[in-house]
Amino acid sequence: MPRANEAIEQALLEFADLLSILSEDPFKPRAYEKAARAVGGYPEDLTGKDLKEILEVPGVGKSIGDKIHEFLTSGTITELEALRAQIPGGVRDLMTVPGLGPKKAFALHGELGIGSVDDLAIAIGEGRVAGLKGFGPKTQENILRGITQIASAAGRVTLGVAMDAAKDVIARLRDLPGVGKIAYAGSLRRMCETIGDVDILVASRHAAPIMDGFVTHPAVTRVLGHGDTKSSVLVEHGLQVDLRVIPAQVWGAAMIYFTGSKAHNVRIREMAVRVGLKLNEYGLFDAKTGELLAAKTEEAVYAKLGLPFIEPTLREDRGEVEAALAGALPDLIQERDIRGDLHTHTDLTDGVASLEEMLDAAAARGYAYLAVTDHAPDLAMQRMTTEKILDQRERLRALQPRHPAMKLLHGAELNIGPEGELDWPDEFLAGFDLTVASVHSHFTQSREEMTRRVLRAIENPHVHIIGHLTTRKVGGRPPVDLDLEAVFEAAGRTGTALEVNAHPDRLDLKDEHILWAKRHGVRFAIDTDAHATTHLDLMRFGVATAQRGWLTKADVINAWPWSKLERSLKPR
DNA sequence: GCCGTTTTCGGCCCGACTGTTTTCAGTCG
């Protein structure tokens, strides 16, 4: 079962949102938000903890601690229920529209009775919103654009949400009698950035009890179908989960079939047909005699087709079949190849873990190096100063002896200003072991301005990595407008690495961009941008995205041994 | 609501941008 922390985090964030609508005091919702993040990033599972232990979570005091305790013992928070009764859920959804915050959402609900995003679109169309104070033509236009943006992601969830749901279901089903192999397939196994539905495969001869266990899972909000070998349900976030039970002897063929992509499957089925074979979810057959040639493992099925095993992350019909036939599949980067994380935060800025905790967590992962890269002063909200970061550097240096197997790198996440300027002059930047430079403001600049700005940062010899290049949020904020061809050319030429941000809400660069950039000889850094020790585990999503971009460990600077990385960090 | 001490209250996430509000509220990172 997943940790209770995530459910508590969601409940506290909802509490914060509802308070921000209802409460005059802006600090109260912030306290809930802060506590939510701290719980989400807390390394220990809160399940079964008593009040005293709960109060050890930073940012959690008596009042919130009581609510967490109530949630852990009863599954609900009475006061949260009371807030929900005052504010329909759809009103909270309004705040997901870019440009709409608690005040505007409250006005729309209070003045016009608007209770959902759909209501809002209709009301704008009918001109009813125009009369409302603070809702001029530009604002309405922005809201409509935001609604379109949300709608385009409707029905899909991020990789992280889908993975949690899949793990949860698998954990519940794994111990049922008669369950052999169990695994997720589909777009989740291919690690696509958004997931429409989760496919889970179980090998068993006795489907009925497994089906029953599935549809009665506590996370199920609605049963869409309940058959002999296939059932479909909806869980949180409206996510659909399909379960299929198949005989163990056709596991490989079924995994290929249900992993897809459709385009990949079409390609290999065509290959089969051309040589007198037939491929479906039950196996690879001789088309004439019907004899079963392979089915048990994916490797066996691919082999009979004259192909090596193709990693799920490559199965998009982007040339992987041709490469496989030519023996030219890339030797893809794996999570075990990663030797360190080069973009992490501590509680000196907006992280929730201390420097010591982050170092311990990284060391526990067996990393050979770790860069601590807290935010720089130009991101004003973080209140970083030159004194604070120099003090952190001293503390980091002093901690080095505690981690003899891990090289500690002192860095910063710099802000690329609107003109491409950075937070500190070059002399000061030269004092860092490593820097990440990212865009955090002025997202709406023109393509020319944005490109000039990013190019200037790339050309700066004291910048080693460009963080989350496009700043997009999966299913949320659109990417900035940027001449990627020019950016990739410059990054390739200067040796400035481009980040593959591993957070499932970002995945930035995305797979297509990685493929494109790689053609320019760009180097990459797969980083978690961790704001908590638990976030270091997000590395797997970054590695999967890098795989989808066909990267090998030679392409990824944090898969290099320290001696090689160290040489590459010298000023150009 | 939390927290720390300048210690039981008062400060906390600051500053810029946007659109529209004729002087600034709301939103965002």
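In this text, all values refer to a predicted model and were calculated from it rather than measured experimentally.
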Sticking with atom [atom1], work out how far [N] lies from [M], rounded to a whole angstrom.
N	M	atom1	result
B:dT7	B:dC17	C1'	39 Å
B:dC12	B:dT20	C1'	30 Å
B:dG11	B:dA16	P	22 Å
B:dC2	B:dG15	C1'	24 Å
B:dT6	B:dT18	C1'	38 Å
B:dT22	B:dG10	P	36 Å
B:dA25	B:dT8	C1'	34 Å

Side-chain heavy-atom pair A:K510, A:E193 within 4.5 angstrom cut-off: yes
Check the distance between [N]'s [atom2] and [X]'s [atom1] and give it to me in whole angstrom.
X	N	atom1	atom2	value
A:H440	B:dG15	NE2	C1'	16 Å
A:D66	B:dG1	CG	P	11 Å
A:I143	B:dG26	CD1	P	14 Å
A:D378	B:dG15	CG	P	12 Å
A:K28	B:dC2	NZ	C1'	12 Å
A:K138	B:dA25	NZ	P	21 Å
A:R30	B:dG29	CZ	C1'	12 Å
A:E33	B:dC28	CD	C1'	12 Å

Pairwise 5' ranking along DNA chain B for A:S441 and A:E79, keeping only the more 5' one: A:E79
Residue whose closest nucleotide on DNA chain B lies nearer the 5' end, A:F27 versus A:V60: A:V60
Taking every non-hydrogen atom, the tightest pair across A:V60 and A:A35: CG2-CB, 4.1 Å
Exercise: do A:D50 and A:H69 side chains pair donor with acceptor under 3.5 Å: no
Salt-bridge criterion met for A:E459 and A:R493 (N-O under 4.0 Å): yes
Distance flag, aromatic centroids of A:H464 and A:H343, threshold under 6.0 Å: no
Can you tell me if the side-chain N/O atoms of [X] get under 4.0 Å from OP1 or OP2 in [N]?
X	N	value
A:R383	B:dC13	yes
A:T139	B:dT20	yes
A:H442	B:dC17	yes
A:T444	B:dT18	yes

Nearest to side-chain heavy atoms of A:K103, which nucleotide of B:dG26, B:dG1, B:dC17: B:dG26
Selected nucleotide, minimal atom distance to A:A31 side chain, candidates B:dT27, B:dC13, B:dG1: B:dG1
Using a heavy-atom cut-off of under 4.0 Å over every strand shown, decide if [X] touches base, sugar-phosphate, or nothing.
X	value
A:P102	sugar-phosphate
A:K34	nothing
A:D350	nothing
A:L100	sugar-phosphate
A:P26	nothing

A:T435 (side chain) donor-acceptor with A:H462 (main chain) under 3.5 angstrom: yes
Check: A:G467 main-chain N/O paired with A:N501 side-chain donor or acceptor under 3.5 Å: no
Watson-Crick or G-U wobble partner of B:dT8, both distances under 3.5 Å: none
